[in-house]
J.: 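My questions all concern the structure below.
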Amino acid sequence: CIVVMATLVAAPLRLVSSAVRALNPLRSRKGGGRDDDVVIEYDDAYEQDQQEFNLSEYEHLAAPFPIVDERDAKTPDAWVKRHPDLVRLTGKHPFNVEAQLPQLIDYGWVSPVNLHFVRNHGAVPVLKWSEHTITVKGNVDKIITVTMDELASMRTITFPCFMACAGNRRKEQNQIKQSIGFNWGPCAVGNTYWTGVPLREVLKKAGVTKPGPGRRFVCFAGPQKELPRSYENQQGGPGSYGSSIDMETALDPSCDVILAIKQNGKELHPDHGYPVRLLLPGYIGGRTVKWLTEIEVTDKESDNFYHFNDNRVLPPMVDAEKANAEKWWFKPEYIINNININGAIAYPWHNEIVDSERKSYTIKGYAYSGGGRKIIRVEISLDGGMAWRLAPFHTKEKPRWAAGSSGDRAKHWCWFLWELDVTVSEMAEAKEILFRAWDQSQNSMPERPTWNVMGMLNNPWYRVRVHKEGSMLRFEHPTQAGPDKEEGWMVNMANKAGGHLNWGWGGSGTPAAA
């Protein structure tokens, strides 16, 4: 989810008289729907008053790997070109991968598309631009079918946006107690430029311009028979992946919801939704439906299997059996939409060796938050959390809204990269390196994790152990991504404890280095 390099004049968020309305780029009016919604509108000139930026310098970061990986040769994805360095988390197929974090960080603030994380539930659909369409239906004034050429001819916007899987860092949770999810490491992330058509403009073509009775939600679905199971009688049809958002978010220009057709200036890679996907800045990746085929306006949330049975954070005492028996999946308060604050250390990397005679070292990593909230503080500790020091961080993003003010309307959709120079002698005296971050709403990362049955939104302090081995220092991360990487201090701790770490759900013990 990302944002353009933009300089905008903030417009006051208030109801205005008709006399003032003609002079103000922002217009508010009462909608005719339930709850008498206030609908925010912007003139096109307001949104288009943007600083131009040159995407050509990033187009090389959109290029696919030149050949098909031999591991895909005997799978349904034998035609899809993929980077061989990506860590495969669920075997050869389906394709669920992340990069090694140092490799991604080395590219800087804009991520290469071919190292961006991928979450696929089944085979990649073989779709053609000339044949693919999006149907907009449901409680609309008129049902429309939009071809890709028609979509591309509409006004598009481009902005940078960070995306993360809700399962980022899940392997740490799986050392506490096995969740029902697979072993994501700390790199289920990516920060790229996206180009697409604002969703509200497509809805407008179907006659939907405000919330109201029958128009409370917008549901999205990918192709039917995309998934290995059919899930009959669900929104989107059998075998489709779907989700939904509220109508207010769909129509709010400052939420930047788009139907994306390009990433880093080039057409989407098949793994990322070619020819079109939904982009929801600040949301978890699981809500951003790929290979978008259907948009439906309804009075209730999507009943698609994956909208209710995935992307939830349930209380730690609720296991899968209890969740199924007591229908916890359908309790609305536990749904995940916005990503939470999180981050990780990239350097020093796992098993990296540093000569203790070396003078200095630069610790590096990333931090992010959801809902457009800005990272305001990154802190590192070398003494077990007794004292913290601020780490400088940076972003190339300029908020598209509210003129870069500190208010909540100034949306920050991107990650922040941080660095801190320390002496190697300081690291040699430390048992571990600790990282945590804070956002503008004063959300922070907790000291220890809280287990949940899906292993999602895991965001405790990131801890890297420091081992002194002769004249060298060796660094150990908590886990390594993938099912075959049985290494990391947290993996070792779990093995010694018999497979469960009680401190992960309020029991005795601590994740701190002894």
J.: Pick out which of Lys92, Arg88, Lys81 makes a salt bridge (Lys or Arg N to Asp or Glu O under 4.0 Å) with Asp72.
T.: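 One option only clears the test, and that one is Arg88.
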J.: Between Tyr241 and Phe305, does the ring centre distance come in under 6.0 Å?
T.: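 Not under 6.0 Å, so no.
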J.: Would you please indicate yes or no on a ring centroid separation below 6.0 angstrom for Tyr306 and His121?
T.: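 Yes - the distance between ring centres of His121 and Tyr306 falls below the 6.0 Å cut-off.
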J.: So, are Asp77 and Arg82 salt-bridged, with charged N and O less than 4.0 Å apart?
T.: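 Yes, Asp77 and Arg82 are salt-bridged.
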J.: Within 45 degrees of the ring normal and closer than 6.0 Å to the centroid, is that where the cationic atom of Arg170 sits relative to Phe182?
T.: yes
J.: Give a yes or no on whether the ring-centroid distance for Tyr366 and Phe416 is below 6.0 angstrom.
T.: no
J.: When you compare the side chain of Ser369 with that of Trp438, does any pair of heavy atoms fall below 4.5 Å?
T.: no
J.: For Asn233, check side chain to side chain donor-acceptor pair (under 3.5 Å) against everything at least two apart and list the hits.
T.: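 Testing Asn233 for side chain to side chain donor-acceptor pair (under 3.5 Å), a comparison that skips the adjacent residues, returns none.
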J.: Would a 4.5 Å heavy-atom cut-off, applied to side chains only, mark Trp415 and Ile375 as touching?
T.: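 A side-chain contact is absent here, since even the closest heavy-atom pair is not under 4.5 Å.
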J.: Salt bridge check: are Asp252 and Lys411 linked by an N-O gap of less than 4.0 Å?
T.: no
J.: Check Lys205, Lys204, Arg215 against Asp141 for a salt bridge (Lys or Arg N to Asp or Glu O under 4.0 Å) and give me the one that passes.
T.: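 Only one option passes, and that is Arg215.
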J.: Any salt bridge (charged side-chain N to carboxylate O under 4.0 Å, His left out) pairs touching residues 110-123, not counting sequence neighbours?
T.: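 Sorted pair list comes back empty.
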J.: Looking at Arg436 and Glu447, does any basic side-chain N land under 4.0 Å from a carboxylate oxygen?
T.: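 No, this pair does not count.
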J.: Can you tell if the side chain of Val313 reaches within under 4.5 Å of the side chain of Tyr334, non-hydrogen atoms only?
T.: no
J.: Can you sort out the partners of Thr298 under side chain to side chain contact (heavy atoms under 4.5 Å, CB included), two or more places apart, ordered by chain and number?
T.: Phe217, Cys219, Glu296
